[in-house]
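Here's the structure, in structure tokens; my notes come after.
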Amino acid sequence: MEISAYRVMWIFTFFDIPVVKEKDRKEYIKFRKYLLKEGFTMHQYSVYIRHCPTREYMNATLKRVERNLPKCGHVSLMGVTDKQFSEIKHFFMRMPEKPPENPGQISIF
């Protein structure tokens, strides 16, 4: 069974958390560590992404992230299909860059 690129999802987490005060810096570190523990990877500074096998899994993950938002700063969450994600053009220093790999999927027959 082939997995549909329209069912598999990606979550983007964009955030801008002030780090001027010590307590704000601790909030930033706590949120960043939470995202990593939740399976997100850094795509760019303050942009973390996570692969989700289904929309339902993505929605459950979004709810968990919402419960762990920092007390300060600005956070945006966005879900896109694998098909939409595959259309993103990635560049590093003006050179085309290979997009992140999809994690392996287990097929049960």
Side-chain angles (χ1 to χ4, degrees):
M1 179 173 128
E2 191 169 316
I3 299 170
S4 171
Y6 296 97
R7 272 217 30 88
V8 175
M9 303 296 293
W10 287 86
I11 300 173
F12 281 78
T13 303
F14 310 93
F15 58 92
D16 186 13
I17 301 171
V19 292
V20 177
K21 298 176 184 172
E22 182 64 27
K23 68 176 186 157
D24 295 337
R25 188 174 296 112
K26 286 181 181 179
E27 281 289 312
Y28 165 81
I29 292 168
K30 179 181 170 186
F31 185 62
R32 184 181 175 283
K33 284 183 178 181
Y34 171 77
L35 290 174
L36 294 171
K37 184 179 134 230
E38 188 66 43
F40 284 81
T41 57
M42 188 173 76
H43 186 64
Q44 294 180 358
Y45 294 119
S46 298
V47 178
Y48 284 68
I49 60 173
R50 185 178 195 310
H51 182 267
C52 297
T54 65
R55 183 174 296 275
E56 294 77 17
Y57 191 93
M58 178 193 73
N59 289 334
T61 303
L62 287 171
K63 286 180 185 176
R64 288 192 304 275
V65 172
E66 287 177 34
R67 286 193 302 265
N68 286 277
L69 291 173
K71 293 179 178 77
C72 59
H74 181 249
V75 178
S76 298
L77 303 169
M78 179 176 71
V80 299
T81 65
D82 194 47
K83 178 65 175 163
Q84 291 167 322
F85 185 79
S86 72
E87 298 295 323
I88 297 173
K89 297 195 182 316
H90 302 269
F91 296 90
F92 179 71
M93 299 180 70
R94 294 188 168 189
M95 298 298 295
E97 187 175 60
K98 186 178 174 195
E101 294 287 325
N102 287 355
Q105 297 288 324
I106 298 174
S107 297
I108 300 174
F109 298 96

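Just the heavy atoms: all of them, side chains too, but no hydrogens, waters or symmetry mates, feed the values below. In this chain, residues are counted from 1 in sequence order.
To the nearest 0.5 Å, atom CD1 of residue I17 and atom NZ of residue K26 are 15.5 Å apart. Interatomic distance, CD of Q44 versus NE2 of H90, reported as 9.5 Å (0.5 Å rounding). In this structure, the separation between CE on M9 and OG1 on T54 is 9.0 Å, given to the nearest 0.5 Å. Separation of atoms CE (M58) and OG1 (T81) is listed at 10.0 Å; rounding is to 0.5 Å. Note: E66 CD to T61 OG1 = 11.0 Å, rounded to the nearest 0.5 Å.
A search for ring-ring contact (aromatic ring centres under 6.0 Å, His included) contacts involving F31 returns F15, not counting sequence neighbours. Legend: residues meeting side chain to side chain donor-acceptor pair (under 3.5 Å) with Y48, ordered by chain and number and at least two apart, are R32. Qualifying side chain to side chain contact (heavy atoms under 4.5 Å, CB included) partners for T41, counting only residues two or more places apart in sequence or in other chains: I49. Every residue meeting the side chain to side chain donor-acceptor pair (under 3.5 Å) condition with R25, not counting sequence neighbours, appears here in chain and number order: E22. Under the rule for a ring-ring contact (aromatic ring centres under 6.0 Å, His included), the partners of F12 that lie at least two apart in sequence or sit in another chain are F14, F85. Every residue two or more places apart in sequence or in another chain that forms a salt bridge (Lys or Arg N to Asp or Glu O under 4.0 Å) with K71 is listed here: E27. In this structure, the side chain to side chain contact (heavy atoms under 4.5 Å, CB included) partners of N68, at least two apart in sequence or on a different chain, are Y34. The salt bridge (Lys or Arg N to Asp or Glu O under 4.0 Å) test applied to R64 returns E38, not counting sequence neighbours.
A continuous path of hydrophobic side-chain contacts links Y28 to V65 [ILVMFWY only; heavy atoms under 4.5 Å]. Side-chain heavy atoms closer than 4.5 Å link hydrophobic residues (I, L, V, M, F, W, Y) into clusters, and following such links, even through other members, never connects V19 to V47. Clustering ILVMFWY residues whenever any of their side-chain heavy atoms sit less than 4.5 angstrom apart, transitively, puts L62 in a cluster other than the one holding W10.
The two residues G73 and P18 make their nearest non-hydrogen contact at CA-CD, 3.7 Å. In plain terms, the two heavy atoms of C52 and I11 that are nearest each other are SG-CD1, 3.7 Å.
Identified under the salt bridge (charged side-chain N to carboxylate O under 4.0 Å, His left out) test for residues 81-93, with sequence neighbours left out: K83-E87. Contacts classified as salt bridge (charged side-chain N to carboxylate O under 4.0 Å, His left out) and involving residues 41-55 (residues at least two apart or in different chains) are not found.
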